[in-house]
Amino acid sequence: MSNASQSGRHILVAVAWPYANGPLHLGHIAGAYLPADIFARYHRMAGNRVLMVSGSDQHGTPVTVRAEHEGVPPQEIVDRFHPQFLQLWHELGISFDLFTTTGTPNHAEVVRDVFLRLLEHGYIYKGKTHQFFDAQAGRFLPDRYVEGTCPHCGYERARGDQCDHCGRTLDPDQLIRPRSRLTGAAPEMRETEHFFFKLSAFQQPLLDWLRGRTGWRKHVLNFSIGFVEEGLHDRAITRDIEWGVPVPVEDLGAGKRMYVWIEALIGYLSASKEWAQEAGEPDAWRAWWEDPAAGTYYFIGKDNIPFHTIIWPAILMGHGGLNLPADVPANQYVTFKGEKASKSQGVGEPALGYLERFQPDAVRYALAANLPENSDTDMTEAEIIRRNNDELVATWGNLVNRVLAMTHRTFAGRVPPAGALDHRDEAIIAGARTMLHQVGELIEAVHLKAALAAAMAFAQEANGYLSDTEPWKAAKSDPARAGTSLYVALCAITALDVALYPFLPFSSQKVHEYLGLSGGIEDAGWEARLPQPGATLGTAEPLFRKIETPEGEARLSA
RNA sequence: GGCAGCGUAGCUCAGGGGUUAGAGCAACCGGCUCAUAAUCGGUAGGUCAGUGGUUCGAAUCCACUCGCUGCUACCA
């Protein structure tokens with residue numbers, strides 16, 4: 001048993017905020033949402049107080065870009081995709097305590113509080129900067145809204161932040177013949193005044209903090225330390241735009257909004273507060289944010305690392321009194337047939353599409369077994385089918401099915417008495433405990449792929465045990481012995497069902513009911529309990545559907 | 001261009017200075033027939049991208065080369 005289950009720690013599971021500008025694909029799921037959910041479900045089951053929050057980033061530039069492209073207000077884009085996210089969480093079993101948006105009054109208020117606090121502490125100052133201005137449209141242009149010819153490769157449609165042709169990073173003023181994406185007019189440089197966050201002040205504190213981290217993924221830590229060592233510079237935190245959270249002070253006049261990069265990060269805190277208000281305990285969020293014994297974990301993709309290991313910690317340091325990340329287990333990318341899944345490039349089907357064809361646990365299993373924890377991993381639909389048919393159905397589903405079917409036939413659906421245990425029986429019962437303990441430790445360390453593999457390896461052991469003791473034969477010659485084997489196998493299944501629950505919540509709940517246990521499996525606790533002889537088992541049906549493919553059918557008829 | 005990571009069996013991935021390099025799946029052989037043609041055991045399969053170093057010893061460390069990916073901070 002983990003120590004955590006006794007202490008009842010507060011665990012904040014903070015998950016990346018998706019832009020509400022398009023559907024999510026399996027890359028997003030594998031990168032952040034699924035690992036976060038596995039982690040959260042484990043901790044809930046282990047008796048910890050979990051708060052899992054995120055929401056739609058509705059002020060991100062991709063949202064406004066899409067809105068302008070379609071000629072509709074940004075809110076319309078948000079209203080289209082935010083409900084899709086909620087539907088996806090529901091269907092895939094991503095168990096948020098709150099999935100909100102950055103458009104709530106609460107969020108604006110928390111952003112204001114953080115801003116004022118940083119201002120008060122001297123980490124925010126006013127400064128002048130130059131930016132392109134579209135005189136026809138009457139507004140300043142974010143970098144992405146300026147197009148022109150790339151000075152490096154001559155590509156004519158390079159954006160102000162980057163050239164899509166040669167991939168280089170650009171500043172808008174480097175573009176040859178710049179033009180506004182809004183009107184096509186040649187923009188002019190104008191001076192504008194903004195608030196800046198004094199990120200540079202945190203150079204040394206961040207370095208000290210990062211160097212003291214242990215247990216973090218190597219690529220996360222190396223990258224972050226390298227990033228800070230190169231030198232941090234202050235960033236503007238306001239911009240000239242109408243879509244966004246208003247700046248809390250009016251020093252700069254009207255027409256300024258908070259820059260999304262800082263505003264969206266504050267969402268973790270504002271969502272926690274919103275959850276607390278809805279729960280009727282407005283101060284409840286403090287247990288996760290202010291108590292140093294709490295653990296805060298940020299689940300993100302690798303493209304988001306500096307924001308969560310550098311900028312957000314700097315904001316937290318500047319604010320004071322709030323917990324720094326306990327870990328940022330950023331994942332690499334899932335590629336599809338070698339290509340990066342990407343909303344903007346249309347690679348990777350929307351995740352909801354997969355759920356029309358596959359059971360949610362099948363999708364969860366295939367992704368969890370192949371999480372890009374250390375390096376990019378590749379995924380294909382054939383791989384999902386293979387994982388489902390050859391591993392999930394064959395190893396775990398079949399174990400449950402064969403044991404329950406035999407028990408129903410031989411012992412009228414009641415848990416048989418244990419009888420005298422030999423070394424093989426005892427090895428399985430002890431192995432179940434060891435496995436559960438090991439899986440728990442691996443999940444706590446966010447080695448989710450290894451945790452799943454450990455559980456599946458034990459399922460194979462249990463299948464091997466059945467081959468070894470052959471209860472279907474013993475049922476005829478030595479029913480007591482057959483009963484013992486089935487009892488032991490039920491012990492293994494009971495433990496496996498707990499171990500697999502974070503990964504396979506839907507089917508694990510079913511198995512819980514097949515085992516004749518009442519209530520939700522999550523309340524069962526992270527422990528290997530023994531089945532009660534005489535207890536009545538539920539009627540079992542196969543847990544997972546085998547997915548038929550043309551190739552599979554060809555093999556059958558051959 | 002700079003930085004980071006990766007390149008390990010047919011496939012997807014672990015491992016990571018020290019006895020014969022691992023897993024799952026696929027292949028092949030055998031067993032079993034309770035189970036969704038499911039399962040169990042076994043066999044075979046890799047000069048760990050290449051070259052050169054360090055070392056008693058390198059897949060593991062270093063350098064270089066080739067290939068892939070990501071980041072490069074006003075997308076977050």
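All values below come from the heavy atoms of this structure, side chains included, with hydrogens, waters and symmetry mates left out.
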Gap separating the CG atom of L404(A) from the OG1 atom of T539(A), nearest 0.5 angstrom: 10.0 Å

G70(B) to G57(B) separation - C1' atoms, rounded to the nearest Å: 35 Å

Sugar-phosphate only, base, or nothing, as touched by R409(A) at under 4.0 Å among non-hydrogen atoms: sugar-phosphate

Sugar-phosphate only, base, or nothing, as touched by P306(A) at under 4.0 Å among non-hydrogen atoms: nothing

Plane angle bin for H308(A) and Y298(A) - parallel if under 30°, tilted between 30 and 60°, otherwise perpendicular: tilted

Partner residues of Y297(A) under the ring pair (Phe, Tyr, Trp, His ring centres under 6.0 Å) criterion, sequence neighbours left out: F39(A)

Inter- and intrachain pairs under side chain to side chain donor-acceptor pair (under 3.5 Å), touching residues 392-407 of chain A, at least two apart: R402(A)-N463(A)

Whole-Å distance separating the CZ atom of F307(A) from the C1' atom of U72(B): 12 Å

Rounded interatomic separation in angstrom, taking CG from L392(A) and P from G24(B): 17 Å

Sugar-phosphate, base or nothing in reach of I311(A), heavy atoms under 4.0 Å: nothing

Sugar-phosphate, base or nothing in reach of G267(A), heavy atoms under 4.0 Å: nothing

Among U69(B), A35(B), U36(B), the one nearest F544(A) by side-chain distance: U36(B)

Closest nucleotide among G70(B), C74(B), C3(B) to the Y259(A) side chain: C74(B)

Under 4.0 Å protein heavy-atom contact, by nucleotide of nucleotides 6-15 of chain B - B base, S sugar-phosphate only: ------SSS-

Distance flag, aromatic centroids of F299(A) and Y33(A), threshold under 6.0 Å: no

Contiguous pairing runs of three or more, Watson-Crick or G-U under 3.5 Å, that involve RNA chain B: B:1-7 with B:66-72, B:10-13 with B:22-25, B:27-31 with B:39-43, B:49-53 with B:61-65

Residue met sooner reading RNA chain B from 5', once D57(A) and G397(A) are mapped to nucleotides: G397(A)

F503(A): ring pair (Phe, Tyr, Trp, His ring centres under 6.0 Å) partners, not counting sequence neighbours: none

Nucleotide G24(B), atom P - distance to CG of N389(A) in whole Å: 18 Å

Atom C1', compared across U8(B) and G50(B): separation rounded to whole Å: 15 Å

Interatomic distance at P, G41(B) relative to G5(B), whole Å: 39 Å

Closest to the F223(A) side chain, choosing from C3(B), C71(B), U36(B): C71(B)

Axial cation check for Y354(A) ring with R357(A), 6.0 Å and 45° limits: yes

Nucleotide nearest Q460(A) when distance is taken to its side chain, options U39(B), C40(B), C34(B): C40(B)

Rounded distance in Å between the C1' positions of A23(B) and G18(B): 22 Å

U33(B) to C48(B) separation - P atoms, rounded to the nearest Å: 44 Å

Contacts of H107(A) that satisfy ring pair (Phe, Tyr, Trp, His ring centres under 6.0 Å) - sequence neighbours left out: none

Qualifying residues under ring pair (Phe, Tyr, Trp, His ring centres under 6.0 Å), relative to F458(A), sequence neighbours excluded: none

Rounded P spacing from C25(B) to C40(B) in Å: 8 Å

Pair of N/O donor and acceptor under 3.5 Å linking A35(B) base with N401(A) side chain: no

Protein-nucleotide distance (H408(A), atom NE2; A35(B), atom C1'), rounded to Å: 14 Å

Set of residues satisfying side chain to side chain contact (heavy atoms under 4.5 Å, CB included) with respect to K256(A), sequence neighbours excluded: T192(A), H194(A), D240(A), V247(A), L252(A)

Rounded distance in Å - CD (E191(A)) to P (C74(B)): 20 Å

Nearest-Å distance once atom C1' is located in both U36(B) and A14(B): 30 Å

Given RNA chain B, 5'-ward residue of the pair A459(A) and N222(A), judged by closest heavy atom: N222(A)

Side chain to side chain donor-acceptor pair (under 3.5 Å) contacts in which one or both residues fall within residues 482-491 of chain A, not counting sequence neighbours: T469(A)-S485(A), R481(A)-S485(A)

Any donor-acceptor N or O pair under 3.5 Å, side chains Q58(A), H82(A): no

Rounded distance (Å) that lies between atom C1' of C74(B) and atom NE2 of H233(A): 10 Å

T100(A): side chain to side chain donor-acceptor pair (under 3.5 Å) partners, not counting sequence neighbours: E274(A)

Touch class at under 4.0 angstrom, heavy-atom based, for L232(A) against every strand present: base

Whole angstrom value for the distance that separates C1' of C32(B) from CG of N398(A): 13 Å

Contacts of H233(A) that satisfy side chain to side chain contact (heavy atoms under 4.5 Å, CB included) - sequence neighbours left out: none

Contact list for RNA chain B against residues 463-472 of chain A - heavy-atom distance below 4.0 Å: N463(A), G464(A), S467(A), W472(A)

U65(B) to U12(B) separation - P atoms, rounded to the nearest Å: 28 Å

K302(A) NZ to U72(B) P, straight-line distance once rounded to whole Å: 12 Å

